[in-house]
Participant: 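Take this structure first; my questions come after.
So you know, we letter chains A, B, ... as the sequences are listed, proteins then strands, and number each from 1. Every value quoted in this text rests on a predicted model; they were computed, and no experiment measured them. Only this structure's heavy atoms are used, side chains among them; waters, hydrogens and symmetry mates stay out.
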Amino acid sequence: MDSGTLSTDEVGAFDLQSTLESGQTYLWGREDGSMYDRGDAYGGDAKYTTVVRPENAPPGDPLGTKVGPQVVRVRQIDDCLEWEATFDAETTLRRRLRLDDDLAAIRAATSDDSILQAAFDRYWGMRVVRDPPFETLISFICSAQMRVSRIYDMQRSLADEFGESVTVDDHTYHAFPTPDALASATESQLRDLGLGYRAPYVQRSAEMVASGEGHPAEAAGMAYEDARESLTQFVGVGEKVADCVALFSLGFLQAVPLDTWIRTTIAEYFPECDRGNYAETSRAIRERLGGEYAGYAQTYVFHHLRNDGTERSD
DNA sequence: TAGATACCTTATAG
DNA sequence: ACTATAAGGTATC
């Protein structure tokens, strides 16, 4: 196993638990098994694991020289991010966790509204993630009308059932399924995993990618609103899910997914931004929150409201 | 083209 | 215990 460390001196403030347990990514698991278990506790120094595929690596990433699924584990001890992996994972971690983002500059470019500043203060160091496009597409197709903890369970079930396995240190992990694997699944098999009406959406969208009809990564080079429109070609993907893929995978930091939480926030704090339809409301709240970094603002507000809004965690 | 409705499943509130 | 409601919406009519 390779290993290494990254400190805040190198990458600025970061908060691993908030980054990985804020409903942005469903590709990591906690070694203690309590991912998204509220109630049980603080995972400040928990160890997180994910399985990555060499074919998802950008040019120059040491990951790209490997064959078959690879494993990365990370934990945060105070100001230090410690990792161990079956390859030299620093490049991958910097990219996937957006460790090169200048958080202070991003915050400075967003609005000074109290709700947003409270979220920044509370979870300072949280990063927007940059997950692989296909994985993100499927995860957020599954997210429709679903709680975060259940979305996570569903992705875990998909991986266990259809993903390639890899064993490290006597522990077996499963990679996220390939487009081929999910395209070959039947609706009935997917319903058995509890996907409900999302089952045919997942199968058909996977089939589109597997057959070459389209790929979510193709939207990366487009102008933001064209990218969002393009992503809705996939079955089960409307404007909201398209924004999630744009933000959490394709690097469109201006994307603000209009979910139930942000809609509540708009009604309460920014009623003038409600323009009656998705596209116009999206533009208004994007300009209001932070323009090119509005998606970062949304991610902080979402996590803050979901974590501290209605429930008492203490 | 805008608006209403059905849709799987499960955790939680009442 | 039992029912109603809502959960990071979308497709269809």
Participant: Hey, which of these two, A144(A) or S149(A), hits DNA chain B nearer its 5' end, going by closest nucleotide?
Facilitator: A144(A)

Participant: Rounded to the nearest Å, what distance is computed from the CG atom of residue D37(A) to the C1' atom of nucleotide dA11(B)?
Facilitator: 13 Å

Participant: For the P atoms, the ones on dA6(C) and on dT5(B), what distance do you get once it is rounded to whole angstrom?
Facilitator: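 Pairwise P distance, dA6(C) against dT5(B), rounds to 16 Å.
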
Participant: Taking atom P of dG9(C) as reference, at what distance in whole Å does atom CZ of R263(A) sit?
Facilitator: 9 Å

Participant: In whole angstrom, what separates M146(A)'s CE from dT10(C)'s C1'?
Facilitator: 13 Å

Participant: Within the structure provided, determine whether F87(A) and T92(A) are in side-chain contact (heavy-atom separation under 4.5 Å).
Facilitator: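 Yes, at least one pair of side-chain atoms sits under 4.5 Å.
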
Participant: Hey, can you tell me if F302(A) and W261(A) have their rings parallel, tilted or perpendicular (30° and 60° cut-offs)?
Facilitator: perpendicular

Participant: Name the pairing partner of dC8(B), where a pair is Watson-Crick or G-U wobble with both distances under 3.5 Å, or state none.
Facilitator: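 Per the H-bond distance test, none.
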
Participant: Whole-Å distance between dT10(C) C1' and I138(A) CD1?
Facilitator: 15 Å

Participant: Would the base of dC8(B) count as contacting R191(A) through its side chain, where contact means a donor and an acceptor less than 3.5 Å apart?
Facilitator: no

Participant: Describe the nucleic acid contact of E187(A) in one word from base, sugar-phosphate, nothing, applying a heavy-atom distance below 4.0 Å.
Facilitator: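 No contact at all - E187(A) keeps every heavy atom at 4.0 Å or more from the nucleic acid.
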
Participant: Between atom CE in M154(A) and atom P in dT9(B), what is the gap in whole Å?
Facilitator: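 After rounding, the reported distance stands at 11 Å.
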
Participant: With a non-hydrogen cut-off below 4.0 angstrom, is F234(A) in contact with a base, only sugar-phosphate, or nothing?
Facilitator: sugar-phosphate

Participant: Using a cut-off of 4.0 Å on non-hydrogen atoms, how would the nucleic acid contact of G236(A) be classed: base, sugar-phosphate, or nothing?
Facilitator: sugar-phosphate

Participant: Within the structure shown, what part of the strands sits under 4.0 Å from S205(A) by heavy-atom distance: base, sugar-phosphate, or nothing?
Facilitator: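 Nothing: the residue S205(A), judged by heavy atoms under 4.0 Å, touches no strand.
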
Participant: Within 45° of the axis and under 6.0 Å from the centre of the six-membered ring of W124(A), does NZ or CZ of R107(A) qualify?
Facilitator: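 Yes, R107(A) and W124(A) form such a contact.
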
Participant: Side-chain N or O of Q145(A) versus OP1/OP2 of dA7(C): is the shortest distance under 4.0 Å?
Facilitator: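 No, because none of the side-chain N or O atoms of Q145(A) sits under 4.0 Å from OP1 or OP2 of dA7(C).
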
Participant: Of Y201(A) and F302(A), whose nearest nucleotide on DNA chain C comes first from the 5' end?
Facilitator: F302(A)

Participant: dC8(B) C1' sits how many Å from L195(A) CG, rounded?
Facilitator: 9 Å

Participant: Please tell me which of T232(A) and C244(A) maps to the more 5' nucleotide of DNA chain C, matching each residue to the nucleotide holding its nearest heavy atom.
Facilitator: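 Result of the comparison: C244(A).
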
Participant: Any chance the rings of F140(A) and F248(A) have centres within less than 6.0 Å?
Facilitator: yes

Participant: Could you please name the partner base of dG8(C), counting Watson-Crick and G-U wobble pairs only when both distances are under 3.5 Å?
Facilitator: none

Participant: Could you tell me if the side chain of E84(A) sits less than 4.5 Å from the side chain of K47(A), heavy atoms only?
Facilitator: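 Yes, at least one pair of side-chain atoms sits under 4.5 Å.
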
Participant: With rounding to the closest Å, how many angstrom separate the C1' atoms on dA2(B) and dG8(C)?
Facilitator: 24 Å

Participant: Between dC8(B) and dT5(C), how many Å separate the two C1' atoms, rounded to a whole number?
Facilitator: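 It comes out at 15 Å once rounded to the nearest Å.
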
Participant: Rounded to whole angstrom units, what separation is found between the CZ atom of F248(A) and the P atom of dG8(C)?
Facilitator: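 Roughly 13 Å, once rounded to whole Å.
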
